[in-house]
Amino acid sequence: MRQRTQLLIIDPQNDFCDLPPAWLPSNAASPAPYAPSLPVAGAHADMRRLAQWLLQHASQLDGITVTLDSHQAYDIAHPAFWQQGDGSPVQPFTAITAAQLREGSFRPRNPDELARTLAYLNALEAQGRYTLMVWPLHCEIGSIGHGVHADILTSCRQWQSQRQRAVRHVFKGMNPLTEHYSAICAEVPDAQDPETQLNTALLQQLAQADTLVIAGEAGSHCVRATTEHIVQHMAPLWGAEDFSRIVLLTDCMSPVAGFEAAQDTFLQQMRALGVRCCTSTAFSL
């Protein structure tokens with residue numbers, strides 16, 4: 001069945017949301033209260049706006065897809081993977097280049113991964129999209145932080161009851177040796193792991209849409225990477241380079257601190273391609 005209007009929600013997860021104290025759930029695994037590990041300023045308000053927009057347009061939405069960043073503690077973009085040349089820990093928000101690895105400033109804690117990690121960094125940097133960033137441990141599979149923002153979860157639940165359809169979920173990032181910002185494919189696909197390669201099933205599903213609405217977190221990273229890959233791969237499926245059927249809800253995404261310019265550039269590039277960029281209050285189905 002053709003789904004003419006689809007909503008793609010990128011990583012609406014607790015670890016990315018700057019949840020206020022009243023929203024912080026207790027963590028049964030620890031006496032300390034849960035706190036988001038990689039909160040994006042403005043994300044909580046973004047998700048509340050998106051949830052409201054979803055409820056207002058539920059009857060007109062034919063399909064909803066939610067992507068979920070899904071990691072383990074041992075991950076090439078987490079501190080547990082790395083050490084400095086002197087053996088000391090690597091702090092979150094540290095960028096690591098292939099040159100630094102070659103000179104010994106940083107190295108994997110597991111020496112068996114040195115050659116593969118260097119090959120990965122070389123391949124990543126050759127693309128010119130990202131430099132490897134060591135993020136705080138986030139969206140750990142099974143954790144509260146991996147879960148979906150409560151308002152989004154509630155709105156999706158109500159949509160399912162109203163439309164008698166299930167929300168589709170796309171998990172990304174489970175391979176610990178490649179970054180996976182985009183829901184379409186990993187930054188450096190692993191030839192031995194199909195889950196890191198081009199997600200043709202997702203592309204074909206999204207290609208059914210006459211209107212594809214995209215929102216989520218963060219605008220500087222996972223929303224950006226996913227949208228860029230959709231634009232890159234969708235034209236043959238649509239039969240034309242008409243990207244006006246893509247709508248980015250600009251008030252339902254925010255950039256990671258320090259990457260504001262990356263989101264601004266992304267939105268400018270998408271507008272130039274014909275993608276519609278507007279607020280949730282200004283866009284109606």
Side-chain angles (χ1 to χ4, degrees), residues 7-19 36-50 65-71 75-79 91-97 121 124-125 127-139 145-146 148-149 152 170 172-173 178-188 212-233 243 246-273 275-280 283:
L7 172 62
L8 176 60
I9 310 177
I10 307 296
D11 301 359
Q13 292 162 274
N14 290 323
D15 264 349
F16 295 134
C17 294
D18 53 343
L19 301 174
S37 64
L38 189 48
V40 174
H44 174 61
D46 294 340
M47 293 303 96
R48 300 203 76 183
R49 280 189 289 269
L50 178 58
T65 300
V66 175
T67 73
L68 296 171
D69 215 27
S70 305
H71 301 302
D75 185 285
I76 200 167
H78 285 164
Q91 297 302 312
F93 303 105
T94 299
I96 297 178
T97 66
L121 291 179
L124 180 69
E125 292 171 19
Q127 296 177 5
R129 282 166 55 86
Y130 297 100
T131 298
L132 183 135
M133 176 66 72
V134 179
W135 301 106
L137 169 60
H138 65 281
C139 296
H146 185 257
V148 172
H149 183 280
I152 297 295
V170 175
K172 62 184 180 69
T178 183
E179 295 158 282
H180 211 143
Y181 294 117
S182 169
I184 304 302
C185 65
E187 289 306 310
V188 179
L212 175 60
V213 183
I214 302 175
E217 304 301 340
S220 55
H221 286 78
C222 295
V223 175
R224 168 191 165 195
T226 300
T227 306
E228 288 174 343
H229 279 155
I230 289 172
V231 167
Q232 178 182 348
H233 295 285
F243 299 121
I246 300 175
V247 179
L248 290 169
L249 297 182
T250 56
D251 63 338
C252 298
M253 64 182 72
S254 293
V256 175
F259 292 90
E260 293 83 1
Q263 176 171 304
D264 291 342
T265 300
F266 157 62
L267 292 176
Q268 291 172 9
Q269 292 172 339
M270 292 301 105
R271 289 188 185 100
L273 291 171
V275 173
R276 288 180 282 170
C277 300
C278 51
T279 65
S280 59
F283 178 70

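These numbers come from a predicted model, not from an experiment.
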* To do: Go through the steps to decide whether E228 and Q269 satisfy the test side-chain contact (heavy atoms from CB on, under 4.5 Å), and finish with yes or no.
  => CA-CA 9 Å; E228 288 174 343; Q269 292 172 339; 4.0 Å; yes

Going from [atom1] on [X] to [atom2] on [Y], what distance comes out if it is rounded to the nearest 0.5 angstrom?
{"X": "I152", "Y": "L50", "atom1": "CD1", "atom2": "CG", "value": "4.0 Å"}
{"X": "Q263", "Y": "T250", "atom1": "CD", "atom2": "OG1", "value": "8.5 Å"}
{"X": "E125", "Y": "T97", "atom1": "CD", "atom2": "OG1", "value": "5.5 Å"}
{"X": "I246", "Y": "L8", "atom1": "CD1", "atom2": "CG", "value": "10.0 Å"}
{"X": "L124", "Y": "T131", "atom1": "CG", "atom2": "OG1", "value": "7.0 Å"}
{"X": "I9", "Y": "I214", "atom1": "CD1", "atom2": "CD1", "value": "11.5 Å"}

Name the orientation class of the two ring planes belonging to [X] and [Y] (parallel below 30°, tilted from 30 to 60°, perpendicular beyond 60°).
{"X": "H221", "Y": "Y130", "answer": "parallel"}
{"X": "H138", "Y": "F16", "answer": "tilted"}
{"X": "H149", "Y": "H44", "answer": "tilted"}

Are any of the side-chain heavy atoms of [X] and [Y] separated by less than 4.5 Å?
{"X": "F259", "Y": "M133", "answer": "yes"}
{"X": "T67", "Y": "T226", "answer": "no"}
{"X": "C185", "Y": "H229", "answer": "yes"}
{"X": "S37", "Y": "L137", "answer": "no"}
{"X": "R49", "Y": "T279", "answer": "no"}
{"X": "F283", "Y": "R276", "answer": "yes"}
{"X": "W135", "Y": "D15", "answer": "no"}
{"X": "L68", "Y": "C139", "answer": "no"}

* Determine, step by step, whether V188 and Q127 satisfy the side-chain contact (heavy atoms from CB on, under 4.5 Å) criterion, reporting the C-alpha distance in whole Å, the side-chain angles of both residues, the deciding distance to 0.1 Å, and the verdict. => CA-CA 9 Å; V188 179; Q127 296 177 5; 4.1 Å; yes

Tell me whether [X] contacts the main-chain N or O of [Y] through its side chain, where contact means a donor paired with an acceptor under 3.5 Å.
{"X": "Q13", "Y": "G145", "result": "no"}
{"X": "E217", "Y": "C17", "result": "no"}
{"X": "E260", "Y": "G258", "result": "yes"}
{"X": "S220", "Y": "V256", "result": "yes"}

* To do: Verify side-chain contact (heavy atoms from CB on, under 4.5 Å) between L212 and F243, making sure each step is shown before the conclusion.
  => CA-CA 10 Å; L212 175 60; F243 299 121; over 6 Å; no

Over all atoms of both residues, closest heavy-atom pair of [X] and [Y]:
{"X": "V40", "Y": "P255", "value": "CG1-O, 3.2 Å"}
{"X": "E187", "Y": "A225", "value": "OE2-CB, 4.3 Å"}
{"X": "K172", "Y": "H180", "value": "NZ-O, 3.2 Å"}
{"X": "P39", "Y": "D18", "value": "CB-CA, 3.9 Å"}
{"X": "A183", "Y": "V170", "value": "O-CG1, 4.4 Å"}
{"X": "V134", "Y": "P79", "value": "CG1-N, 3.6 Å"}

